[in-house]
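In what follows, a single structure is set out as structure tokens and then discussed.
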There are 2 protein chains.
Amino acid sequence: MMTKMIDVANFAGVSTATVSRVLANDPKVKEKTKQKVLKAVDELNYIPNSLARNFRKRSSKNILVVVPTIANPLYPTIISGIQSVAREHNYQVILGDISRNFETELAYLELIRDKAADGVILLAAELPTEEFIEAIKGLPVVLGYRNTVKEENLHSTEDKRGENKRINIFPTVNINNVKSVECVIDHLVQLGHKKIAFFNGPKNSIVSIDRLKGYKQGLVKNGCSFEPELIYYGDWTMNAGYELALELLQSGNDPTAIFTVNDETAVGAIKALKENGLRIPEDIAIVGFDNIELAKFVDPPLTTIAQPKFEFGVHAMELLLKVMNGETISQENIVLESHLIIRESCGSKIKGD
Amino acid sequence: MMTKMIDVANFAGVSTATVSRVLANDPKVKEKTKQKVLKAVDELNYIPNSLARNFRKRSSKNILVVVPTIANPLYPTIISGIQSVAREHNYQVILGDISRNFETELAYLELIRDKAADGVILLAAELPTEEFIEAIKGLPVVLGYRNTVKEENLHSTEDKRGENKRINIFPTVNINNVKSVECVIDHLVQLGHKKIAFFNGPKNSIVSIDRLKGYKQGLVKNGCSFEPELIYYGDWTMNAGYELALELLQSGNDPTAIFTVNDETAVGAIKALKENGLRIPEDIAIVGFDNIELAKFVDPPLTTIAQPKFEFGVHAMELLLKVMNGETISQENIVLESHLIIRESCGSKIKGD
DNA sequence: CTGTTAGCGCTTTCAT
DNA sequence: ATGAAAGCGCTAACAG
């Protein structure tokens, strides 16, 4: 019933080997033979069985993308970027949404071990444990948002040679979180703010750690004092932003500005602030991170850092292609540039004007 | 290097058939043999090659989910639902994001023809063409958001027997769009609104068509006049909502309320309305559809229809499982209930109070 | 209850 | 430039 390669071969009067070559675009086949085969393929409506092909070639043509949660609009855009290059190379994207249960992340690696996926892009950005590093060692993997961290942070029990070893012995793509946040602080200080709260993500996320570093450095650089009680930890959600703002309001700390680790946290915070009678930006300024589509539509429109989401995906997939191709044995680390988008959530004029 | 079944068999002193049976949990194997095999599997660190298995079983264990755009937060939630049951049955979900280019939808069906996917859930909700129907006929497919449409709408050239044929000879899952919108209109009329604009989706979307029907019926039922110039067509995005609201403002039509086809359209409209000095709900009421997470966080919090997104995915996948299992030859149509969530975007009191 | 064996449909040496 | 043929690793008759 299902026509197979041998049928095509018979119809065209050639061998299956030749049909296979034509389909693989082998330049060694004579043009005339090629036409005969193509005609037969067309005539018989032949569609190669990818199950057989994949089995033979030991490749699933699937790549796995693990995200913390697809509910964060950052990831769909990145995935689009990944898809766009994946499709060009005939890969399908399998989605691994771990709903922020990072323990389940490693379970997805099974897909590689059993050949159900040829490579993985891990976008989940928790602090890598030794177990994690051990697990991905040697696998065709690209890490997103996990940048270099010194070994001492890993609490390793054995530091054989005392050298300053770094964990990203894996290919990674990232944005310059530290610098981006410094830009935010620069901007805020320029507007007259000196007391800036930070609604961060979870403590154990590398992104949180890096953005905190940027926050600190930005403050110091601008001669502001760094006050740990101005740092709040959430979980990236609107809800967290809302709760954290409430907490801030209770605290008696009276920052004139808040920097939030992502736009969703900002949206939640804005709601709480407004509900408590604060005007934005007049009473308090706020700036987000990511520049999701919504940022433009909230009231007031959100000043934020735009990171190149689609490109992030493109780069990640291109890197993975290299890795799967064996091209990149050692690490390769891509760092993408972000930039500040100034809207209305911190006022366009110098504070106090 | 990679240990394979024969190695396990040798190690355990049995045949590959037995190993295969143990792995398939065949109850016919003696407990003792089973233990021996399991021990060998463990000892040798054996992981079955799913490529070989899939080839042999003629199944990819992939299911494809085609969405209009993953950027609409509705779909991630549905996909989560799909995943949750897919995973239980050892299926992986392949994501097909067509970025609203509905012409590309059919291209994804290739994945079934070449066995790269065992089944498809099509969530893209354009008006089905005859070509579309022809293309999916006989395939293991479940349609989401495409409900019954009479044949005359299809502009078929031949209506052999004049019978009232319906197109959903395919299994579908849907929500009751018509009734849901009627509820919205009821609510609005109860609040005193008589002139209600409708920011719809694209004309050729079934969802748009159904919601328009609900809008009309709701108006008629409540003794309001249906005015076609109060209907605006967009493309589901915040941007569309924004533009449409601007258009409405220019038009001189002065509705006291707007119903938008989805929450994102509502968010865009709210921005435009506010920018033009209108207060919501005092000057104009607005209600959305979907109840995405954001709905609660916009200012004012959005009254909207909550549809069971996760369950939608669960039902779709369960249906697909049946279809792939050959259980459902004829159609099966699941209709899920939605309900109105009252927040603040149309005021809690009777208009004029 | 277990083993033998014949493929699944394709790709890829190895010959020619 | 093409063909013959040997599998890839597993499952499923079938036989015992």
Side-chain angles (χ1 to χ4, degrees), chain A residues 1-41 44-62 90 110-118, chain B residues 1-41 44-62 90 110-118:
Chain A
M1 52 150 294
M2 203 80 255
T3 117
K4 52 188 78 160
M5 192 175 276
I6 185 70
D7 302 323
V8 176
N10 290 153
F11 189 96
V14 299
S15 73
T16 58
T18 299
V19 176
S20 181
R21 286 185 191 110
V22 169
L23 264 26
N25 242 307
D26 186 328
K28 288 199 288 289
V29 284
K30 219 198 299 171
E31 184 60 26
K32 197 153 160 239
T33 318
K34 184 174 169 180
Q35 292 313 327
K36 264 195 309 187
V37 171
L38 257 20
K39 175 113 185 298
V41 165
L44 301 179
N45 232 299
Y46 170 67
I47 296 174
N49 181 326
S50 61
L51 252 23
R53 170 181 291 163
N54 291 347
F55 169 50
R56 184 52 235 244
K57 303 190 53 159
R58 295 150 171 67
S59 138
S60 63
K61 280 297 183 180
N62 288 157
N90 284 304
E110 277 303 309
L111 292 185
I112 296 219
R113 298 230 148 73
D114 73 6
K115 313 283 187 216
D118 296 345
Chain B
M1 51 151 295
M2 203 80 255
T3 118
K4 53 187 75 163
M5 193 176 275
I6 184 69
D7 302 324
V8 176
N10 290 155
F11 189 96
V14 299
S15 72
T16 58
T18 299
V19 176
S20 182
R21 287 185 190 108
V22 169
L23 264 26
N25 242 306
D26 187 328
K28 289 199 287 289
V29 283
K30 216 199 301 171
E31 184 58 25
K32 196 155 161 234
T33 318
K34 186 174 168 182
Q35 293 311 329
K36 264 196 309 187
V37 172
L38 258 19
K39 174 114 186 296
V41 164
L44 300 180
N45 232 298
Y46 170 66
I47 296 175
N49 180 327
S50 60
L51 255 21
R53 169 182 293 161
N54 291 346
F55 170 50
R56 182 54 234 242
K57 306 197 36 166
R58 295 151 171 66
S59 138
S60 63
K61 280 299 185 178
N62 287 156
N90 283 303
E110 277 304 309
L111 291 186
I112 295 222
R113 297 228 149 72
D114 74 6
K115 314 283 187 215
D118 296 345

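Throughout, a chain's letter reflects where its sequence line sits, starting with A, and its residues are numbered from 1.
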N/O-N/O pairs, protein side and nucleotides 14-16 of chain D side, under 3.5 Å:
none

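- A heavy-atom distance below 4.5 Å is not found between the side chains of B:V22 and B:T33.
- B:S60 and B:N54 share no donor-acceptor pair across their side chains, judged by distance under 3.5 Å alone.
- Within the structure, every side-chain polar atom (N or O) of B:K30 is placed at least 4.0 Å from both OP1 and OP2 of C:dC1.
- Dashed line: the shortest gap from a side-chain N or O of B:Y46 to OP1 or OP2 of D:dG9 is not under 4.0 Å.
- In this structure, the helix from C:dC1-D:dG16 to C:dT16-D:dA1 shows an angle of 30° between the axis at its start and the axis at its end, each fitted on 5 base pairs and rounded to 10°.
- An aromatic stack links B:F55 and the base of C:dC8, using centre distance under 5.5 Å and interplanar angle under 30°.
- A:V19 comes within 4.0 angstrom of no nucleic acid atom, judged by non-hydrogen atoms across all strands.
- An OP1 or OP2 oxygen of C:dT11 is reached within less than 4.0 angstrom by a side-chain nitrogen or oxygen of A:R53.
- At least one side-chain nitrogen or oxygen of B:T33 sits closer than 4.0 Å to the OP1 or OP2 atom of C:dT2.
- Nearest heavy atoms, B:T3 versus B:Y46: O-CD1, 3.3 Å.
- Here the closest heavy-atom approach between residue B:V19 and residue B:M5 is recorded as CG1-CG, 3.6 Å.
- Proximity of A:N25 to A:K34: side-chain heavy atoms (C-beta onward) are separated by under 4.5 Å at one or more points.
- Both B:R58 and B:P27 lie close to DNA chain C; mapped to their nearest nucleotides by heavy-atom distance, the more 5′-ward contact belongs to B:P27.
- Side chains of B:M2 and A:K115 form a contact here, defined as non-hydrogen atoms less than 4.5 Å apart.
- In this structure, B:V37 and B:V8 approach most closely via the heavy-atom pair O-CG1, 4.1 Å.
- A sub-4.0 Å separation between OP1 or OP2 of C:dT2 and a side-chain N or O of B:S15 is absent.
- In this structure, A:S20 reaches the bases: a heavy-atom distance under 4.0 Å links it to at least one base atom across the strands shown.
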